[in-house]
Structure formats: C-alpha cells, structure tokens
Number of protein chains: 2
Amino acid sequence: MRQQLPDMDARSPSDNESPWLPFESRRRARDEKREAVLRTAVALFLEQGYHRATLNDVAKRLNITKPALYNYFRGKDEILFECWAIGNELVDECIAETSAGVGSGLDKLRKLTVRYAELMTTDYGKSLVRFDIRDLNEDNRKIVQTAKRRIDRAFRDYIAQGVADGSVKPCDAKLSAFAIAGSLNWIGHWFQPGGAMTGRAVAEEFAIRLTEGIATTSTRKKADKPPRKGNASREEQGEHHARTAARAAGQSKRARNRLR
Amino acid sequence: MRQQLPDMDARSPSDNESPWLPFESRRRARDEKREAVLRTAVALFLEQGYHRATLNDVAKRLNITKPALYNYFRGKDEILFECWAIGNELVDECIAETSAGVGSGLDKLRKLTVRYAELMTTDYGKSLVRFDIRDLNEDNRKIVQTAKRRIDRAFRDYIAQGVADGSVKPCDAKLSAFAIAGSLNWIGHWFQPGGAMTGRAVAEEFAIRLTEGIATTSTRKKADKPPRKGNASREEQGEHHARTAARAAGQSKRARNRLR
DNA sequence: CCCGTATATTACCCGTGGGTAACAAATAGT
DNA sequence: ACTATTTGTTACCCACGGGTAATATACGGG
C-alpha cells in the first residue's frame with residue numbers, strides 16, 4: 001500500500017545514496033548500511049548541530065524509521081562517536097603517511113598541513129573539530145582526548161624536528177603548533193563546498209601561508225599561478241579517493257563493535 | 001524556615017559575587033543583577049555547553065530560581081544573545097581603537113591581533129566563537145552574522161592597507177585574514193586561565209607569530225626576553241580595565257531592550 | 001500604615017526527543 | 001514449506017527542560 005513510485009528512486013543510482021529504497025528491496029550488506037547511517041548522520045549533525053538534529057531526522061533522510069537505527073548503534077551518542085572515529089582514522093592516515101615519508105621537518109610539517117587542511121573541508125574532517133566532546137560518554141571522551149593530543153604531538157614533533165635540522169626558525173614548538181593547527185581547525189568552521197575555492201586549493205594556500213612565517217627558506221619560489229589542471233593535483237585527487245576506499249575496507253577494529 | 005546559615009555567605013564579600021544573598025537584602029540595581037545573570041550564564045554555557053546547561057543551573061548558581069530569570073530576559077536564547085552581544089561590544093572597541101590609532105597597515109593588524117587574541121582568553125570573548133549561531137532566533141542570527149562580517153572586514157582591510165603601504169607582502173587579503181582570525185578564534189577553544197601562560201602573554205606571542213609570515217620587515221628585532229614589567233605593557237593593562245569599566249557603564253543601546 | 005510595583009517563589013504545563021516493547025516482513029538455511 | 005534470524009515497523013513510555021500562572025514578599029511613596 002505504501003508502494004510509492006519506484007521511478008523516483010531509480011532516477012539516481014549514486015545520487016545521495018541511501019541503501020534503503022523506500023520500502024522494498026532492502027537486502028543489502030550490513031556494513032554498507034551502517035556506513036550510510038554515519039554519512040547521513042555526520043552531514044545532518046553538521047548542518048543542524050548535534051542537539052537540533054534528531055534521530056527521526058536521520059532516519060527520515062534514509063527512508064527508514066528511528067528504531068531501525070538501533071539495529072546498528074546503541075544510541076545517538078554512539079553515532080556521534082563513530083562519525084568522529086572515521087574522521088580520526090583519516091587523520092591517522094595523514095600522520096602515518098607523513099611520518100613514513102622523507103624530508104626535512106619543514107617538509108613534513110607542510111605535508112601534514114596540506115593533508116589536514118583538506119581533511120577539514122570534508123564532513124568527517126569537520127566532525128573532528130565541530131562536535132562537542134562533552135556529548136560523548138566517559139570512555140569515548142577519553143579516547144577522543146587522547147587522539148587530540150596525538151594530533152597535536154604530530155605537529156609539534158615536526159616543528160621541533162625542523163628546528164633541529166635547520167629548516168624551521170627557532171621557536172616555541174607548542175605555541176607554533178597551536179597557531180597552525182588552530183588556523184586549520186577553523187577551516188572546518190567556515191569552509192563550504194561550492195564556494196570559490198576547492199578544498200584542495202584552500203589546503204595548499206594555507207600550507208604555504210602558515211609555514212612561511214617559521215621557515216628559514218623563503219617560500220616564494222614559484223609565481224602565483226593557480227594550480228588548476230595540473231596533472232599532479234589530478235593524480236592526488238585520485239589518491240584521495242583511493243584512501244577513502246581503503247579506509248572503508250579496512251575499518252577492521254571498529255567494525256566488530258557489534259554486539260547482538 | 002529556609003534561613004540557611006548566613007555565615008556561609010558572609011564569608012566572602014566579593015568572592016564570586018552574586019547580588020542575591022540567599023534570601024534577604026535583594027535590593028540592588030536592576031542592571032547589576034542583569035549583568036550578574038549574564039556573567040553566570042556565559043560561564044556556565046562555556047563550561048557545560050549551551051544545550052546541557054539549563055536555566056535551573058544558571059538560577060541555582062545565583063541563589064535564585066528559574067522563573068526569576070524571566071524578569072530580566074525573555075528566554076534562554078535571549079540570554080545567549082546578550083552574552084554574545086557583550087563580547088561583540090568588546091570586539092567593536094578593539095576595532096574602533098585600532099582604527100583610530102596611527103601606524104602602517106601592519107601596525108594596525110598587529111594591534112588588532114593582540115587585542116583580539118586577549119579577548120579570546122576571556123569568557124565573553126569565547127562566547128563569540130563557541131556559541132552556535134543556530135541557537136538564536138532569526139533576527140539575532142542576522143545581527144550576529146553581520147557582526148562577524150564586520151570583524152572579518154577589519155582584518156582584511158588592515159591587510160590590504162598594509163599591502164598598499166608596503167608593510168605587508170602582497171597576498172590574498174581574504175585568505176590571510178581567514179588564516180589569522182582562525183588561529184585567534186581557536187584560542188577561545190583551548191585557552192584556560194590558570195595555565196602556564198596568561199592571556200596577555202598568549203596574545204602577544206600569537207600577534208608576532210601570525211604576522212611575521214606576511215610582514216615585509218623582520219619581526220626578530222628584540223631578543224626573546226619576556227616583556228614583563230615593561231611600563232608600556234603595564235600601561236596597557238590599566239587601559240584594559242578602564243575599557244571594561246567603560247563598557248559596563250556605557251552599554252547604552254542594549255540597556256533599553258527592556259520591555260515591561 | 002497601606003497600597004502599588006517590582007521581584008521573587010512554588011506549582012504546574014507540555015512539547016520534544018531519546019529510547020523501548022511488541023510485532024511484522026523478509027531472508028537464509030535445511 | 002517451515003523455522004530461526006535479521007531487520008524492519010508501529011505504538012508507546014517518560015525524563016527533561018523551557019516556559020507560564022498564580023501567589024507571596026519586600027520596598028518605596030503617599
């Protein structure tokens with residue numbers, strides 16, 4: 001009786017994909033649905049704010065009803081935490097990649113800055129800085145706090161390393177890290193896709209701007225030509241999607257938070 | 001019957017002053033109480049977050065009960081807005097003072113940066129960046145958005161002015177302003193009084209650090225000696241308190257938001 | 001001394017939204 | 001086909017907190 005026109009849903013195979021087509025054909029992999037919930041939730045939490053966004057809103061956007069969400073999560077705060085956790089995995093990958101690479105302290109600082117900045121233009125990245133830690137339960141709050149310290153440590157270590165190898169002017173690593181990370185975190189508050197600049201463009205601009213104050217070498221090597229259409233940046237975009245896919249596949253640990 | 005021991009309250013004349021001594025002697029200037037509500041509310045909203053902090057909490061901390069708050073405010077969101085408005089007045093004063101002064105674009109940018117940074121270490125300053133605009137009604141939200149644009153404009157104008165007069169390297173004023181203001185705004189998220197550095201110390205460090213990247217002249221003139229005990233900085237502290245007092249007295253416009 | 005106004009209290013309303021219970025439909029295995 | 005399991009649904013509970021009504025207390029002016 002509620003068989004509303006299937007044409008409406010067949011119109012877009014990967015539009016803003018919800019695995020739950022209105023009522024029928026809801027056979028699908030569990031984890032796929034779980035991730036769909038998180039995608040929708042993080043978007044809604046960012047749009048409306050965690051407290052204004054209700055679970056009914058989340059469910060409605062997925063063509064299901066609120067109690068169905070409880071098949072995948074214990075409650076609202078767990079959804080919040082899982083959204084954050086995905087963002088955190090992405091940050092961890094940034095740090096891991098950067099640390100694995102070669103280069104001076106300044107090089108690594110810049111590399112991390114670019115990656116982190118671009119992450120801040122995505123939903124899961126924003127969740128790292130716009131969600132309120134106090135909405136989590138005791139355990140998860142501790143996890144988040146520890147992770148935040150880890151990120152801060154990464155910035156600080158690269159700066160200290162740069163001071164040691166001469167690529168960075170002598171400075172207070174702690175304060176410099178706060179200054180840089182703060183500026184990057186703030187991106188998560190104002191960036192909106194669809195604006196004048198892409199996330200990648202913003203990231204590259206910020207990386208230069210934020211590090212040129214403490215670098216010993218001048219940053220002004222190339223002219224101000226916009227880095228559009230460079231095959232290098234195109235390649236990196238591909239890499240980005242590869243990373244996202246890899247994360248989706250390798251969510252190993254969190255994936256078995258299942259209970260039932 | 002509820003005459004709880006007056007010793008407990010007589011112990012501290014200016015401790016964490018609430019004009020409502022437990023039950024008696026509640027004759028006091030109206031505006032003084034109104035401001036006390038705001039002081040308490042902003043502190044609580046920052047501690048707990050706006051949605052977790054209840055009006056009962058606010059009232060309890062003032063030794064009164066929830067409905068009494070409605071003698072001074074129409075509702076919770078108006079309290080939030082008024083807290084924000086005080087912070088905004090303080091910012092406006094920073095901008096006005098800076099614009100009134102003399103100096104190059106870089107000088108002004110630095111001056112504003114110092115003042116703004118220090119403001120971010122205070123409760124009312126934090127309210128500017130930690131309160132969620134979406135908790136306000138339509139009208140107030142517009143006011144806040146306009147004010148935010150004004151602040152951004154100030155940073156941008158000083159940078160552009162600096163580029164024009166040669167004190168600032170040629171750069172995209174918009175992005176540079178975002179980078180600087182973002183870093184400063186983030187102070188409001190991590191600074192806690194009682195830490196290793198005072199608000200003023202953080203402010204001065206950030207002002208140097210954030211502007212040295214775009215300045216044409218090197219910032220490294222004086223050594224790293226902490227600027228304590230300088231008569232100039234002492235004078236500025238005095239000036240700061242004078243400003244605070246002036247604001248308390250001259251809240252002219254908002255003060256007659258009275259209705260009844 | 002009495003009354004009006006301001007300001008506080010107690011008692012209450014009620015919308016909201018997270019969470020649960022009971023039940024139904026689809027799926028997979030045998 | 002029959003049944004167990006998964007995964008939905010509908011209907012409900014109830015704690016919480018913003019907001020209001022009715023009322024009491026203090027103060028200030030005639």
Side-chain angles (χ1 to χ4, degrees), chain A residues 1-4 18-37 40-41 44-45 48-82 134-137 258-260, chain B residues 1-4 18-37 40-41 44-45 48-82 134-137 258-260:
Chain A
M1 46 193 73
R2 220 147 144 263
Q3 291 287 71
Q4 64 251 54
S18 162
W20 292 275
L21 304 183
F23 203 70
E24 75 279 30
S25 80
R26 54 168 83 109
R27 77 221 78 184
R28 212 61 171 183
R30 180 184 176 87
D31 286 348
E32 203 168 332
K33 293 184 187 170
R34 207 181 130 97
E35 290 220 8
V37 172
T40 302
L44 208 55
F45 290 168
Q48 320 247 359
Y50 177 70
H51 289 99
R52 272 173 300 276
T54 73
L55 290 184
N56 277 323
D57 294 336
V58 176
K60 191 171 297 174
R61 207 174 268 204
L62 289 163
N63 295 322
I64 56 176
T65 56
K66 177 177 60 171
L69 297 173
Y70 286 83
N71 281 321
Y72 305 96
F73 303 96
R74 299 182 150 189
K76 196 185 183 189
D77 65 320
E78 184 177 298
I79 296 180
L80 187 74
F81 174 74
E82 296 291 348
R134 294 167 295 193
D135 288 317
L136 301 173
N137 64 41
R258 203 63 30 76
L259 8 151
R260 322 183 34 163
Chain B
M1 45 193 72
R2 221 148 144 260
Q3 292 288 69
Q4 66 254 45
S18 161
W20 293 274
L21 305 184
F23 205 68
E24 76 278 26
S25 82
R26 55 169 83 107
R27 78 222 80 188
R28 213 62 172 181
R30 181 184 174 89
D31 286 347
E32 202 168 332
K33 294 185 188 168
R34 208 181 129 95
E35 289 221 9
V37 173
T40 302
L44 208 57
F45 289 168
Q48 319 247 1
Y50 177 70
H51 289 100
R52 272 172 301 278
T54 72
L55 290 185
N56 277 324
D57 294 335
V58 175
K60 193 172 294 172
R61 204 174 269 204
L62 290 163
N63 295 321
I64 56 176
T65 56
K66 178 177 58 170
L69 296 173
Y70 285 83
N71 281 318
Y72 304 96
F73 302 96
R74 298 183 152 184
K76 196 185 184 189
D77 66 319
E78 185 178 296
I79 295 179
L80 185 75
F81 175 73
E82 295 291 347
R134 294 166 294 194
D135 288 317
L136 301 173
N137 63 44
R258 203 59 32 74
L259 9 150
R260 323 182 31 161

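Naming: A, B, ... by sequence-line order, numbering from 1 per chain. This structure is a prediction, so every number in the text was calculated from the model and none was measured.
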Whole-Å gap separating [atom2] ([N]) and [atom1] ([X]):
| X | N | atom1 | atom2 | result |
| --- | --- | --- | --- | --- |
| B/E78 | D/dG18 | CD | C1' | 14 Å |
| B/E32 | C/dA6 | CD | C1' | 16 Å |
| A/N71 | D/dT5 | CG | P | 16 Å |
| B/N63 | C/dT9 | CG | C1' | 14 Å |
| A/I64 | D/dT7 | CD1 | P | 12 Å |
| B/K60 | D/dG18 | NZ | C1' | 15 Å |
| B/L69 | D/dG17 | CG | C1' | 13 Å |

Point to revise | For A/Y50, all residues meeting ring pair (Phe, Tyr, Trp, His ring centres under 6.0 Å), sequence neighbours excluded | key: A/F45
Check your understanding: Step by step, would you call B/H51 with A/D135 a side-chain hydrogen bond (donor to acceptor under 3.5 Å, both in side chains)?
Key -> CA-CA 10 Å; B/H51 289 100; A/D135 288 317; over 6 Å; no
Exercise for review: Indicate whether OP1 or OP2 belonging to C/dT7 is found under 4.0 Å from a side-chain N or O atom of B/R30.
Suggested key: yes
Review point. Can you check whether B/T65 has a side-chain N or O nearer than 4.0 Å to OP1 or OP2 of C/dA8?
Key: no
Review point. Taking the side chain as C-beta and beyond, is there a heavy-atom pair between B/L55 and B/I79 under 4.5 Å?
Key: yes
Name the pairs: protein N/O against N/O of nucleotides 17-20 of chain C, kept only if under 3.5 Å.
| from | atom 1 | to | atom 2 | distance (Å) |
| --- | --- | --- | --- | --- |
| C/dG18 | OP1 | A/K76 | NZ | 2.8 |
| C/dG18 | OP2 | A/L55 | N | 2.9 |
| C/dG18 | N7 | A/K66 | NZ | 2.8 |
| C/dG19 | OP2 | A/Y70 | OH | 3.0 |
| C/dG19 | OP2 | A/K76 | N | 2.9 |
| C/dG19 | O5' | A/Y70 | OH | 3.3 |
| C/dG19 | N7 | A/K66 | NZ | 3.0 |
| C/dG19 | O6 | A/K66 | NZ | 2.7 |

Study note, to complete from the structure: CZ (A/F73) and CZ (A/R34) are apart, to the nearest 0.5 Å, by 4.0 Å
Point to revise | A/T54 side, atom OG1; A/K66 side, atom NZ - distance, nearest 0.5 Å | key: 8.0 Å
Practice item. Check step by step if side chain to side chain contact (heavy atoms under 4.5 Å, CB included) holds for A/L62 and A/K33. Key: CA-CA 10 Å; A/L62 289 163; A/K33 293 184 187 170; over 6 Å; no
